[in-house]
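Beneath this line is the structure, given in structure tokens, with notes to follow.
Order of the sequence lines sets the chain letters (A, B, ...), proteins ahead of strands, with each chain counted from 1.
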Number of protein chains: 2
Amino acid sequence: MIRVVIADDHPIVRAGLKALFSIEPDIEVVAEAATPQEALDAAEHENPDVVLMDLQFGSGETTTGAGATRTIRALDAAPYVLVLTNYDSDADILGAVEAGASGYLLKDAPPHELMNAVRAAAAGESALAPVIASRLLDRMREPRVNLSSREIEVLEQVGAGRTNQEIAAGLFISETTVKSHLAHIFSKLDVASRTAAVSVARRKGILR
Amino acid sequence: MIRVVIADDHPIVRAGLKALFSIEPDIEVVAEAATPQEALDAAEHENPDVVLMDLQFGSGETTTGAGATRTIRALDAAPYVLVLTNYDSDADILGAVEAGASGYLLKDAPPHELMNAVRAAAAGESALAPVIASRLLDRMREPRVNLSSREIEVLEQVGAGRTNQEIAAGLFISETTVKSHLAHIFSKLDVASRTAAVSVARRKGILR
DNA sequence: CCTCCCATCCTCCGAAAGGACGACTCCCGG
DNA sequence: CCGGGAGTCGTCCTTTCGGAGGATGGGAGG
């Protein structure tokens with residue numbers, strides 16, 4: 001019997017997963033969690049084989065799904081974590097994989113794919129949705145972009161529509177420095193304008 | 001007995017809703033639909049009281065959830081449509097209400113709120129999630145922004161990071177015309193720069 | 001018919017943005 | 001201890017953007 005913990009803040013999704021698993025003879029839902037903290041507790045005390053983890057939790061939470069994944073994977077006798085989420089943003093996928101997730105599924109996946117993934121995860125294998133797998137490979141090919149925290153800070157201001165002057169005032173630096181940061185950002189993202197930088201950063205998941 | 005049709009492309013969500021409704025003595029799920037078209041068929045032939053409609057369907061669909069809502073509401077003896085979706089974007093809410101939805105719920109709503117909304121809808125009343133209701137009021141206060149289709153087209157290009165020259169070439173118009181459209185956009189959105197326009201448009205749900 | 005809105009085009013001009021140098025600290029890792 | 005990256009600032013210059021202001025034609029609607 002595969003012991004599964006469901007961690008998702010949507011009651012509807014929890015009910016759905018439970019209903020789908022109730023049909024499967026070899027899978028048992030041993031706990032439900034509506035917050036990352038509850039997920040962690042359940043992972044510690046219910047001795048599950050697999051934790052199904054949503055990445056997006058309500059805005060009230062201090063821990064994210066990725067954070068909870070990391071903590072769970074650091075436990076003794078840690079269960080495998082299968083990330084189940086709505087989006088296929090590059091940043092999310094990378095973050096989940098780095099946090100130690102065994103798989104990454106989208107919520108619109110057909111049920112049988114979900115079952116396969118749970119069984120694979122329980123066996124210690126990795127299961128990525130096909131969409132995700134190819135995206136991960138694409139991402140591997142693209143050289144990893146490393147913006148400094150200050151650069152991201154500036155880029156966020158740009159994304160909010162502020163001018164260099166406004167950004168300078170807001171960050172207590174000179175306009176020259178803002179331009180300097182932007183020049184570095186442009187070069188790293190291989191673009192020529194602020195709007196293009198925002199667009200690329202959004203696509204890459206650097207900006208939300 | 002309240003007859004309900006569930007229209008959502010996520011098998012997990014359909015299973016969840018069905019499971020939740022199975023507990024309620026006065027609500028019966030008479031059909032499930034994975035596409036807008038299926039939803040329309042079910043609305044016509046199953047004689048439901050309420051259709052629970054997701055707004056986001058897979059990219060392969062020709063009709064949107066809002067479109068299906070409009071069509072369903074135009075039927076003889078039309079059922080009430082309750083929109084149940086993930087996001088609370090202004091554009092989505094407005095679109096759903098204009099299409100004739102009786103209510104707008106978020107998928108992370110607690111089950112009892114969902115049940116209340118279904119019963120209210122079946123009785124011909126409106127049920128909006130509190131979050132949505134206040135947002136709708138905010139939106140009413142803000143003067144409605146009406147960008148022409150051409151202006152939106154230009155704005156999309158701007159959001160993709162293209163320069164005026166590139167946009168002009170792409171749309172087969174002169175750069176002057178692009179600037180003219182942008183000037184109108186700026187004035188309508190009450191901003192002073194292209195990046196600010198994109199930012200505001202995104203917040204208002206004009207751009208995704 | 002006349003008016004409003006949309007889409008298209010124009011010029012002139014100032015402001016913002018971006019490129020290309022250089023230069024100074026601070027701090028981290030080899 | 002030294003190199004290099006990050007962050008800060010500067011100047012000079014070019015290009016792009018946006019503002020002002022106007023013009024044309026076409027379609028929708030009072």
Starting at [atom1] of [X] and ending at [atom2] of [N], how long is that distance when rounded to a whole Å?
X: A:Ile185; N: D:dT8; atom1: CD1; atom2: P; answer: 12 Å
X: A:Arg162; N: D:dC17; atom1: CZ; atom2: P; answer: 22 Å
X: A:His184; N: C:dG22; atom1: NE2; atom2: P; answer: 14 Å
X: A:Lys188; N: C:dG18; atom1: NZ; atom2: P; answer: 17 Å
X: B:Leu182; N: D:dC17; atom1: CG; atom2: P; answer: 9 Å
X: A:Lys179; N: D:dC13; atom1: NZ; atom2: P; answer: 14 Å
X: A:Leu171; N: D:dA6; atom1: CG; atom2: P; answer: 18 Å
X: B:Glu166; N: D:dC17; atom1: CD; atom2: C1'; answer: 14 Å

If you only use heavy atoms from C-beta on, which nucleotide in [options] is closest to the side chain of [X]?
X: B:Ser180; options: C:dC6, D:dC17, C:dC9; value: C:dC9
X: A:Arg150; options: D:dT8, C:dC9, C:dA17; value: D:dT8
X: A:Glu175; options: C:dA17, C:dT8, D:dG7; value: C:dA17
X: A:Thr163; options: C:dA17, C:dG18, C:dA7; value: C:dA17

Item checked: Verdict with supporting geometry, A:Arg119 and A:Glu125, salt bridge (Lys or Arg N to Asp or Glu O under 4.0 Å) -> CA-CA 9 Å; A:Arg119 296 199 181 97; A:Glu125 296 160 16; over 6 Å; no
Checklist line | Heavy-atom donor-acceptor pair, B:Arg3 side chain to B:Glu28 backbone, under 3.5 Å | finding: no
Item checked: Any donor-acceptor N/O pair, A:Glu113 side chain to A:Ala109 backbone, under 3.5 Å -> no
Note to self: If we count only N and O atoms by modelled type, under 3.5 Å, do the side chains of B:Thr177 and B:Ser174 hold a donor and an acceptor together?
What the structure shows: yes
Tell me whether the OP1 or OP2 atom of [N] has a side-chain N or O from [X] closer than 4.0 Å.
X: A:Asn164; N: C:dA17; result: yes
X: A:Ser148; N: D:dG5; result: no
X: A:Thr177; N: D:dC9; result: yes
X: B:Ser174; N: C:dC10; result: yes
X: A:Arg194; N: D:dC17; result: no

Check: With sugar-phosphate meaning primed atoms plus P, OP1 and OP2, does A:Thr176 contact a base, only sugar-phosphate, or nothing at under 4.0 Å between heavy atoms?
Finding: base
Notebook entry, point to check: Are the side chains of A:Arg162 and A:Val158 in touch, meaning some heavy atoms are under 4.5 Å apart?
Noted result: no
Margin query: Taking the nucleotide of DNA chain C with the nearest heavy atom to each, does B:Glu151 or A:Ala192 sit closer to the 5' end?
Written below: B:Glu151
